[in-house]
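Note that this is a predicted model, so its numbers are computed, not measured. We're numbering straight along the sequence, starting at 1.
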Amino acid sequence: MGSKTVIGITGGIASGKSTVTNYLITHGYDVVDADQIVHQAYEEGSGCYKLIQDTFHTINRHEIGQLVFHDASKRQLLESILHPYVYQVMEDHIKHSRHHLVFLDVPLLFETHFDQLCDKTICVYLDEDRQIERLMKRDNLSRDEAKNRIDLQMPLVQKKALATYTIDNSGYLEDLEGQILKILEDVNKDGTL
């Protein structure tokens, strides 16, 4: 990506990616959020609004979410519309960013091959029991519902193995911030800032 360094951030659902990205944003770093781009895709005038509407006969995200959660073929169809759109928006953002360091917050970074946009990657993780508890509390789910949602994603152990860096979010906020600072120091040490 030229003189820019692009770092992808991923992790499991309810693993703490948002805490990491919020830290980066509040410290002036350029963070692009895939989920925000997906939300924009459902807005009139986006590059895929009409295609979503024509394909699913609705633009209501909740209705579409219910359809695709229970039907893998419909989920793949939606992803075939959204993923190229998100990839293009991210690629354009990287190209036009005035920052030397750009972070991409992509929950399915490796699954969607968005890691191809990245020079380095970070996986935020925590133990599964704590992940289940956070997801249950955050989304008001039963234990089984939370476990099912986690099981739909690539296992965290696999994401950790693919990542350049890992952040253990099992501890206190100060521990998390310390791990972020170490990664930023390492990136700076490489002379990439």
Engineer: Between the main-chain N or O of I52 and the side-chain N or O of T55, is there a donor-acceptor pair closer than 3.5 Å?
Structural biologist: no
Engineer: Is it the case that atom NE2 in H62 sees more than 12 heavy atoms from other parts of the structure closer than 6.0 Å?
Structural biologist: no
Engineer: Minimum heavy-atom separation for Y85 to C48, with atom names?
Structural biologist: CG-SG, 3.7 Å
Engineer: Determine, stepwise, if the pair L184 / H27 fulfils side chain to side chain contact (heavy atoms under 4.5 Å, CB included).
Structural biologist: CA-CA 12 Å; L184 292 171; H27 287 81; over 6 Å; no
Engineer: Return the CD to CZ distance between E91 and F114, rounded to the nearest 0.5 Å.
Structural biologist: 10.0 Å
Engineer: Does the side chain of R61 come within less than 4.5 Å of H39's, by heavy atoms?
Structural biologist: yes
Engineer: Do you know which two heavy atoms are closest between N60 and E63, and how far apart they sit?
Structural biologist: OD1-N, 2.8 Å
Engineer: Strictly by modelled atom types, are D168 and S170 linked by a side-chain donor-acceptor pair under 3.5 Å?
Structural biologist: yes
Engineer: Has S15 got a side-chain atom pairing as donor or acceptor with Y125's backbone, closer than 3.5 angstrom?
Structural biologist: no
Engineer: Determine whether R143 and E133 make a side-chain contact, defined as any pair of heavy atoms from C-beta on separated by less than 4.5 Å.
Structural biologist: yes
Engineer: Given side chains that start at C-beta, do those of L117 and L104 come closer than 4.5 Å, heavy atoms only?
Structural biologist: yes
Engineer: Spell out, yes or no, whether M154 and F69 are grouped together once hydrophobic residues are joined by side-chain heavy atoms under 4.5 Å, including indirect joins.
Structural biologist: no
Engineer: Is it the case that the side chain of T121 and the backbone of T164 share a donor-acceptor pair, with hydrogens and angles ignored and the cut-off at 3.5 Å?
Structural biologist: yes
Engineer: Look at the side chain of T10 and the backbone N and O of C123, then say whether any donor-acceptor pair between them is shorter than 3.5 Å.
Structural biologist: no
Engineer: Could you check if a side-chain atom of I13 sits within less than 4.5 angstrom of a side-chain atom of P107, using non-hydrogen atoms only?
Structural biologist: no
Engineer: Do I9 and I180 belong together in a cluster built from hydrophobic side chains that touch within less than 4.5 Å?
Structural biologist: yes
Engineer: Answer yes if L156 and L108 sit in the same cluster of Ile, Leu, Val, Met, Phe, Trp and Tyr residues linked by side chain heavy atoms under 4.5 Å apart, and no otherwise.
Structural biologist: no
Engineer: Whether the D30 and S97 side chains hold a donor-acceptor pair (N or O, under 3.5 Å, no angle test) is what I'd like checked.
Structural biologist: yes
Engineer: How far does OG of S80 sit from CG of L51, to the nearest 0.5 angstrom?
Structural biologist: 7.5 Å
Engineer: Considering only heavy atoms from C-beta outward, does the side chain of F56 approach that of L67 to under 4.5 Å?
Structural biologist: yes
Engineer: Just wondering, do L78 and K74 contact through their side chains at under 4.5 Å, heavy atoms?
Structural biologist: no
Engineer: Do V86 and V68 land in one hydrophobic cluster if side-chain heavy atoms of ILVMFWY residues count as linked below 4.5 Å?
Structural biologist: yes
Engineer: With heavy-atom distances below 4.5 Å as the criterion, would you say the side chains of M90 and V106 are in contact?
Structural biologist: yes
Engineer: Can you tell me if K120 uses its side chain to pair, donor with acceptor, with the backbone of I7 under 3.5 Å?
Structural biologist: no
Engineer: Hydrogens and angles aside, do Q179 and D175 bring a side-chain donor and acceptor to less than 3.5 Å of each other?
Structural biologist: no
Engineer: Can you tell me how far apart NE2 (H57) and CD1 (I64) are? Round to the nearest 0.5 Å.
Structural biologist: 10.5 Å
Engineer: Let me confirm one number: the NZ-CG distance from K159 to L162, rounded to the nearest 0.5 Å.
Structural biologist: 10.0 Å
Engineer: Between L176 and Y29, is there shared hydrophobic-cluster membership here, with clusters defined by ILVMFWY side-chain heavy atoms closer than 4.5 Å?
Structural biologist: yes
Engineer: Considering residues, nucleotides and ligands other than N140, do more than 12 of their heavy atoms fall under 6.0 Å from its CG?
Structural biologist: no
Engineer: Measure the spacing between CG of L24 and CD1 of I183 and express it to the nearest 0.5 Å.
Structural biologist: 9.0 Å
Engineer: Compare every heavy atom of N169 with every heavy atom of G16, then report the nearest pair and how far apart it is.
Structural biologist: CA-ND2, 3.3 Å
Engineer: Is a donor on one side and an acceptor on the other found under 3.5 Å between the side chain of K4 and the backbone of K95?
Structural biologist: yes
Engineer: Give, for atom CD of E177 and atom CG of L173, the distance between the pair rounded to the nearest 0.5 Å.
Structural biologist: 4.0 Å
Engineer: Would you call E79 and R75 a side-chain contact if the rule is heavy atoms closer than 4.5 Å?
Structural biologist: yes
Engineer: Check for a donor-acceptor pair, side chain of D186 on one end and backbone N or O of K182 on the other, with a separation under 3.5 Å.
Structural biologist: no
